[in-house]
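These notes are about the structure you will find just below.
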Amino acid sequence: MVKIAKFGGSSVASAEQFQKIKKIIESDDSRRFVVVSAAGKRNKDDNKVTDLLYLCYAHIKYSVSCEGIFSMVEKRYREIKDSLSLDYDLNRDFAEIRSRLNKSVSIDYLVSRGEYLTARLMAEYLGFDFVDAKDIIRFRYDGQVDMEQTREAFSKEWEKHDRMVIPGFYGVMPDGEIKVFSRGGSDITGSIIANLIDARVYENWTDVSGILMADPGIVEHPRRIRRITYQELRELSYMGANVLHEEAIFPVKDKNIPINIRNTNEPENPGTVIIPHWGKDDHHLITGIAGKKGFTMVAVHKNHMAEEVGTVRKVLQAFEDYGISIEHIPSGIDSVSVVVSGEDVHAHLYDIIANIKSNCGPVMVKVYEHIALISTVGRNMAKTPGIAGRLFGALGEKDINVRMIAQGSNEINIVVGVDDEQFENAMKAIYNCFQDQ
């Protein structure tokens, strides 16, 4: 059984990081497939190559020279090449990219070059074969990955190459044009390859030693999560825990392949293992806490709403008409509230309110802005009495007012809404309540 190892931007940011990767790969012969991101930041004041390439495109779009910015990209890769004494001909690739730096350049092509160049250098350094993502990852015209065609294309490459380095983040459309995933999409590339090779494990190497129980920017020294299920990670990722791209879960979930989040700078640390499900002897309560600010809640009250047919549908239709995605829909007997992203709804808020009042008859509408949502996630919450009581008790002790409560039908999480200004205190209160479980 083989492993796939995906290395993020910080892991490939410099020649020194390349050397760490080589030691990791050579320490385990089953690591035969490597996916890499574009070179990331070497320090907090540095730039990510992908950000520089997006900036190049913006300059080109507005007829401003991007030479200075592109030279920074070129310098990064030349430094890595020279420091590692590699032979790869970067001149050819940079000449090709420069020839396209005009208004006709595709943004997807341009920003994908970071991964492409990283993979080229990494392949030579590891002694692996380079396989371009455009020869493997196939998109349909609707922007979704065509797994059948991708599997067929990959099988042909696998017949020719036993050990591969593959650039992440992009693939190819049916017409041959490069297409990228959303930011962080190299995680998805690694997940797809893991699916195709039926990997024993998908190792995702980054600059943190696994997933933490809470945001370390809010909670001081939160505990590392040793094991977490796909479903729990999906809940935490959606609410802001962004160690792994949330879409990277699905390709490996189909094959029950575990994901191991590891730290390139601490390879001896076992990190966090993401697994399909826990056994019956698992008694772990709370897995993690995550949240985001900036939501808006639109509360609609109408007498005898519960006895009317179609009122809730009409309320939701008002948001759908403006393409607004809905986060939660807490409701009462004669009321329903709709929680949405404040940024998404801001420009259309008053039109939506007018639509609701026009289509739903005599209603009272109130808007509550600057709401933060916090999701407390745990696979055994449904089987353990008193969890909600402890959570709300912890918030009450800190005088934190709960504006909204929601719980999924699977009872794997409890979501509370608080004022943005109380977000950090609420996160700390919940974490301190459950950290010693």
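- A salt bridge links Arg42 with Glu79: the closest approach of a Lys/Arg side-chain nitrogen to an acidic carboxylate oxygen falls below 4.0 angstrom.
- In summary, the side chains of Asn102 and Ser104 do present a donor paired with an acceptor at a separation below 3.5 Å, with no hydrogens or angles considered.
- Using a 4.5 Å heavy-atom cutoff, the side chains of Phe139 and Asp146 are not in contact.
- Salt-bridge check for Arg163 with Asp29: passed, with a basic side-chain N closer than 4.0 Å to an acidic carboxylate O.
- By the 4.0 Å N-to-carboxylate-O rule, Arg76 lies close enough to Asp46 to be salt-bridged with it.
- At a threshold of 4.5 Å between non-hydrogen side-chain atoms, the residues Leu233 and Ile249 count as touching.
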Between Thr206 and Arg262, is the side chain to side chain donor-acceptor pair (under 3.5 Å) condition met? List the steps. CA-CA 6 Å; Thr206 178; Arg262 304 283 293 273; over 6 Å; no
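- For the pair Val298 and Ile352, the minimum side-chain heavy-atom distance is 4.5 Å or more.
- Rounding to the nearest 0.5 Å gives a distance of 10.5 Å between CG of Asp135 and CD1 of Ile166.
- Within the 4.5 Å cutoff, the side chain of Arg224 has no heavy atoms near those of the Met213 side chain.
- Between Glu424 and Lys428 no salt bridge is recorded (no basic side-chain N to carboxylate O distance below 4.0 Å).
- Of the charged side-chain nitrogens involved, at least one lies within less than 4.0 Å of a carboxylate oxygen, so that Arg31 and Glu203 count as a salt-bridged pair.
- Cation-pi geometry between Lys179 and Tyr170 is not satisfied (NZ or CZ under 6.0 Å from the ring centre, within 45° of the ring normal).
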Quick one, Lys103 with Ser63, criterion side chain to side chain donor-acceptor pair (under 3.5 Å). Give me CA distance, side-chain angles, the key distance, then yes/no. CA-CA 8 Å; Lys103 287 196 172 184; Ser63 302; 2.9 Å; yes
Would Glu343 and Ser341 count as a side chain to side chain donor-acceptor pair (under 3.5 Å) if you check the C-alpha gap in whole Å, the side-chain angles of each, and the deciding distance to 0.1 Å? CA-CA 5 Å; Glu343 182 180 358; Ser341 163; 5.1 Å; no
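- Between Lys160 and Glu157, at least one side-chain nitrogen of the basic residue sits less than 4.0 Å from a carboxylate oxygen of the acidic one, meeting the salt-bridge criterion.
- Phe128 places none of its side-chain heavy atoms less than 4.5 Å from the side chain of Asp162.
- Around the CZ atom of Arg151, the shell of radius 6.0 Å holds more than 12 heavy atoms that belong to other residues, nucleotides or ligands.
- Ring geometry for Phe94 versus Tyr77: interplanar angle of 30 to 60°, hence tilted.
- A cation-pi geometry, defined here as NZ or CZ lying under 6.0 Å from the six-membered ring centre and within 45° of its normal, holds between Arg113 and Tyr116.
- For Thr189 (side chain) and Phe169 (main-chain N/O), a donor-acceptor pair under 3.5 Å exists by modelled atom type.
- When only modelled atom types and interatomic distance are considered, Ser375 and Glu235 share no side-chain donor-acceptor pair under 3.5 Å.
- A donor-acceptor pair is defined here as one N or O able to donate and one able to accept, closer than 3.5 Å; such a pair exists between the side chain of Asp420 and the backbone of Gly294.
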Checking side-chain contact (heavy atoms from CB on, under 4.5 Å) for the pair Ile274/Val252: CA distance, chi angles, key distance, verdict? CA-CA 10 Å; Ile274 306 162; Val252 292; over 6 Å; no
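- Within the 3.5 Å criterion, the main-chain N or O of Ala248 finds a donor-acceptor partner in the side chain of Ser191.
- Within a 6.0 Å sphere centred on NZ of Lys3, heavy atoms belonging to other residues, nucleotides or ligands number more than 12.
- With hydrogens and angles disregarded, no donor-acceptor distance shorter than 3.5 Å links the side chain of Thr376 to the backbone of Ile289.
- Counted within 6.0 Å of CD on Glu96, heavy atoms from surrounding residues, nucleotides or ligands total more than 12; the atom is thus considered enclosed.
- In this structure, the side chain of Arg223 does not engage the main chain of Leu212 through any donor-acceptor pair within 3.5 Å.
- When ring centroids are compared, Phe295 and Tyr368 stay outside the 6.0 Å threshold.
- In this structure, Asn47 contributes its side chain and Leu52 its backbone to no donor-acceptor pair below 3.5 Å.
- Judged by distance alone, with hydrogens and angles left aside, the side-chain atoms of Arg138 form no donor-acceptor pair with the main-chain N or O of Met173 at under 3.5 Å.
- The neighbour count for Arg227 CZ, taken as heavy atoms of other residues, nucleotides or ligands under 6.0 Å away, does not exceed 12.
- Under the 4.0 Å criterion applied to side-chain N and carboxylate O atoms, Arg98 and Glu67 are assigned as salt-bridge partners.
- Side-chain contact between His348 and Ile324: present, with at least one pair of heavy atoms (C-beta onward) separated by less than 4.5 Å.
- No side-chain donor from either of Thr296 and His346 sits under 3.5 Å from a side-chain acceptor of the other.
- Val415 has its side chain out of reach of Ile405: every pair of non-hydrogen atoms, C-beta onward, lies at least 4.5 Å apart.
- Taking a 6.0 Å sphere around CD of Glu268, one finds it holds more than 12 heavy atoms contributed by other residues, nucleotides or ligands.
- Taking the six-membered ring where the residue is Trp, Phe33 and Trp158 present perpendicular rings, their angle passing 60° and hence far from 30°.
- Note that Arg120 lies outside the cation-pi zone of Tyr88, set by a 6.0 Å cut-off to the ring centre and a 45° limit from the axis.
- Checked by atom type and distance alone, the side chain of Asp93 never pairs as donor or acceptor with a backbone atom of Leu117 at under 3.5 Å.
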Given side-chain contact (heavy atoms from CB on, under 4.5 Å), test Ile193 with Ile136 step by step and report yes or no. CA-CA 9 Å; Ile193 302 301; Ile136 298 175; 4.2 Å; yes
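- Using modelled atom types and a 3.5 Å distance limit, the side chains of Ser71 and Glu74 yield no donor-acceptor pair.
- Between Asp129 and His161, the side chains place a donor N or O and an acceptor N or O closer than 3.5 Å (distance only, hydrogens not considered).
- Side chains of Lys20 and Gln17: a donor on one and an acceptor on the other come within 3.5 Å.
- Geometric assessment of Arg183 against the ring of Tyr54 yields a negative cation-pi assignment under the 6.0 Å and 45° thresholds.
- Taking OG1 from Thr118 and CD1 from Ile80, the interatomic distance works out to 6.5 Å, rounded to the nearest 0.5 Å.
- Although no hydrogens or angles enter the test, the distance criterion places a donor-acceptor pair under 3.5 Å between the side chain of Glu115 and the main chain of Ala38.
- Asp419 places no side-chain N or O within donor-acceptor distance of the main-chain N or O of Gln422, the cut-off being under 3.5 Å.
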Pair His59, Phe70 - check side-chain contact (heavy atoms from CB on, under 4.5 Å), show working. CA-CA 11 Å; His59 278 59; Phe70 189 74; over 6 Å; no
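- One distance of note links NZ of Lys293 with CD1 of Ile374; it measures 10.0 Å at 0.5 Å rounding.
- Side-chain contact between Asn260 and Asn204 is absent, with no heavy-atom pair separated by less than 4.5 Å.
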Ser186 and Val36: side-chain contact (heavy atoms from CB on, under 4.5 Å), yes or no, with the steps? CA-CA 7 Å; Ser186 291; Val36 293; over 6 Å; no
